[in-house]
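Labels below follow one simple rule: chain letters A, B, ... track the order of the sequence lines, proteins then strands, and each chain is numbered from 1.
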Amino acid sequence: MPSAVPPRPPAPPAPAELHARVLPWYAEHARTLPWRDPDCSPWGVLVSEVMLQQTPVARVEQVWREWLRRWPTPPDLAAEPAGEAVRAWGRLGYPRRALRLHAAATAITERFDGQVPATPEELRSLPGVGEYTAAAVGAFAFGVRAVVLDTNVRRVLARACGGTGQGAPSLTAAERRLAEGVLPHDPATSATWNVAVMELGALVCTARNPRCADCPLAPVCRWALAGHPAYDGPVRAPQRWQGTDRQCRGLLVDRVRSGTGPVPAADLAPVWPDAAQRDRCLASLLEDGLLEQVPGGYAFPA
DNA sequence: AACCCGTGGGT
DNA sequence: TACCCAAGGGT
């Protein structure tokens, strides 16, 4: 009988091997993005990170340039009405991010003397800045050694080290431990590692149709070596869209954005036939501070 | 912890 | 076409 070769799963690659493969790849393939310019201010980095929350790079670039030209520093933005931030947000989506960025600019102006703070702990205290964004701004703008765990990093580590096709539905303690374990000890190298793994996930180790033939980790990737097994973990419940409040709110805000002044209530009615839902969404937009009621109708907050 | 919050491009 | 996905955060 043929000697049974136990199909032992490959061990996760050592951190040093990951670094040796990913860092040179990044040096050659990194995109040139304006917020990666060494001269980009911490404020520019913060604005980019908030805009990039759930929004692709391609749609962010133009709006980011307009924002930074118009508001080069946090006090510049804080000096204007929040509604200006919402209007300038354009169609990036999740316009509450614009509101929170304006609130963050105000907090930076009042509590940090107009300077974006450098530590993830201080950054985390700003509106709209969560675990990921605080780590990213600390690392990319200030060279702080921080665990930057976005959807790209989680996917790359899940595949290369975990041998599974994707990360867990929500961030787990095990993923944090894994990411901390592979983070280079030297702060400067750790910052480059963070952006390099993110870039690999964005360009090569993509969610669908990963380009393993072009991946520097392919020879040591547990998922690739195992033959790209299908993901069999817990699945995230699909998000509905048609008929939801999100869709209704989006149309209402879009109607105000498309005009230059207050929009009369009568002009809001046609965008959503269900009057009850429309009224509820309008009330929630007022509650959120995304719109306000003025003599002429509804407008962005002045 | 599960759910809510926009938008547009790729497949 | 319908669905998936994108540098998440707040509650």
Side-chain angles (χ1 to χ4, degrees), chain A residues 26 30-31 33-36 44-64 86 89-101 103-104 123-141 146-156 165-173 175 179 191 194-203 205-211 231 234-258 271-272 280-281 284-285 287-291:
Chain A
Y26 180 72
R31 291 169 292 181
L33 300 171
W35 45 86
R36 286 186 186 158
V45 174
L46 173 58
V47 172
S48 79
E49 291 300 341
V50 175
M51 288 184 171
L52 287 163
Q53 291 168 3
Q54 301 288 282
T55 302
V57 166
R59 239 180 301 159
V60 163
E61 274 204 69
Q62 173 109 5
V63 179
W64 182 89
V86 176
W89 195 252
R91 306 187 60 82
L92 291 182
Y94 293 143
R96 292 193 293 189
R97 290 182 292 164
L99 224 43
R100 295 189 179 126
L101 208 35
L123 287 159
R124 187 71 178 73
S125 75
L126 300 172
V129 177
E131 176 179 341
Y132 161 76
T133 302
V137 174
F140 304 150
V147 176
V148 178
L149 257 183
D150 78 322
T151 184
N152 290 304
V153 177
R154 293 178 62 207
R155 184 175 55 250
V156 171
Q166 59 185 258
S170 58
L171 183 57
T172 66
E175 288 180 285
N194 280 323
V195 71
V197 180
M198 286 178 62
E199 192 76 336
L200 186 65
L203 298 182
C205 191
T206 51
R208 286 176 299 183
N209 307 325
R211 301 164 52 187
Y231 177 76
V235 294
R236 166 184 307 281
Q239 292 188 343
R240 299 273 178 260
W241 174 249
Q242 290 298 326
T244 62
D245 284 5
R246 289 166 70 192
Q247 185 185 24
C248 179
R249 285 165 54 108
L251 290 170
L252 290 170
V253 170
D254 187 55
R255 179 63 188 83
V256 175
R257 188 191 299 118
S258 67
V271 310
W272 197 261
R280 182 174 72 245
C281 288
S284 74
L285 289 168
E287 177 69 20
D288 289 348
L290 280 166
L291 296 180

Starting from the 5' end of DNA chain B, give me the residue, A/N209 or A/Y94, whose nearest nucleotide shows up first. A/Y94
Whole-Å distance, A/R100 CZ to B/dG6 C1', equals 13 Å
Could you tell me the separation between the CD atom of A/Q54 and the P atom of C/dC4, rounded to a whole number of Å? 15 Å
Considering only heavy atoms from C-beta outward, does the side chain of A/W89 approach that of A/L99 to under 4.5 Å? no
Do you see a donor-acceptor pair shorter than 3.5 Å between the side chains of A/E49 and A/Y132? yes
Quick one: label A/L33 by what it contacts on the DNA or RNA (base, sugar-phosphate, nothing), any heavy atom closer than 4.0 Å. base
Under 4.0 angstrom, heavy atoms only, what part of the nucleic acid is A/D254 near: base, sugar-phosphate, or nothing? nothing
Hey, which of these two, A/G201 or A/P127, hits DNA chain C nearer its 5' end, going by closest nucleotide? A/G201
In whole angstroms, the gap separating C1' of C/dG8 from CZ of A/R124 amounts to 11 Å
Give one of base, sugar-phosphate or nothing for A/Q239, where a contact means two heavy atoms less than 4.0 Å apart. base
Within the structure, does a side-chain N or O atom of A/R257 lie under 4.0 Å from either OP1 or OP2 of B/dT7? yes
Which comes earlier along DNA chain B counting from the 5' end, the contact point of A/L251 or that of A/A237, where each point is its nearest nucleotide? A/A237
Separation of atom CH2 in A/W35 from atom P in C/dA7, rounded to whole Å: 12 Å
Here the distance between atom C1' of C/dG8 and atom CG of A/N152, to the nearest Å, is 12 Å
Is the closest basic N to carboxylate O distance between A/E61 and A/R31 below 4.0 Å? no
Could you verify whether a donor N or O on one side chain and an acceptor N or O on the other, from A/R246 and A/Q239, lie under 3.5 Å apart? yes
Per atom distances to the A/P95 side chain, the nearest of B/dG6, C/dC4, B/dT7 is B/dG6
Need one value for A/G130: base, sugar-phosphate or nothing, where a base atom within 4.0 Å counts as base even if backbone is also close, heavy atoms only. sugar-phosphate
So, A/R97 versus A/T55: side-chain donor-acceptor pair below 3.5 Å or not? yes
Can you identify which nucleotide, out of C/dA7, B/dT7, C/dC5, has its nearest atom closest to the A/A207 side chain? C/dC5
With sugar-phosphate meaning primed atoms plus P, OP1 and OP2, does A/R208 contact a base, only sugar-phosphate, or nothing at under 4.0 Å between heavy atoms? base
Given C/dA7, is OP1 or OP2 found less than 4.0 Å from the side-chain N or O atoms of A/Q53? no
So A/V129, base contact, sugar-phosphate only, or nothing? Heavy-atom distance under 4.0 Å. sugar-phosphate
Compare side-chain N and O positions of A/R96 against OP1 and OP2 of C/dG9 and report whether any pair is under 4.0 Å apart. no
Whole Å only: how far is the CH2 atom of A/W89 from the P atom of C/dG9? 12 Å
When we call it a touch if two heavy atoms are under 4.0 Å apart, what does A/R155 touch: a base, just sugar-phosphate, or nothing? sugar-phosphate
Taking the same atom, P, in B/dG8 and in C/dG9, what whole-Å distance lies between them? 22 Å
On a whole-Å scale, what distance lies between the C1' atoms belonging to B/dA1 and C/dG8? 16 Å
Contact under 4.0 Å: A/T133 side-chain N or O vs C/dG9 OP1/OP2: yes
Rounded C1' spacing from B/dC5 to C/dA6 in Å: 15 Å
Given side chains that start at C-beta, do those of A/D150 and A/L52 come closer than 4.5 Å, heavy atoms only? no
How about A/R249 and A/S284: does a side-chain donor come under 3.5 Å of a side-chain acceptor? yes
Is A/T151 side chain donor-acceptor paired with the C/dG8 base, going by distance under 3.5 Å alone? no
Identify the nucleotide, in any strand shown, that forms a Watson-Crick or G-U wobble pair with B/dG10, with both distances under 3.5 Å; if there is none, say none. C/dC3
Which whole-number value in Å describes the distance from A/R91 CZ to B/dG8 C1'? 9 Å
Rounded to whole Å, the CH2-P distance (A/W241 to B/dG8) equals 9 Å
Could you work out the separation of C/dA7 and B/dC4 based on their P atoms and round it to a whole Å? 23 Å
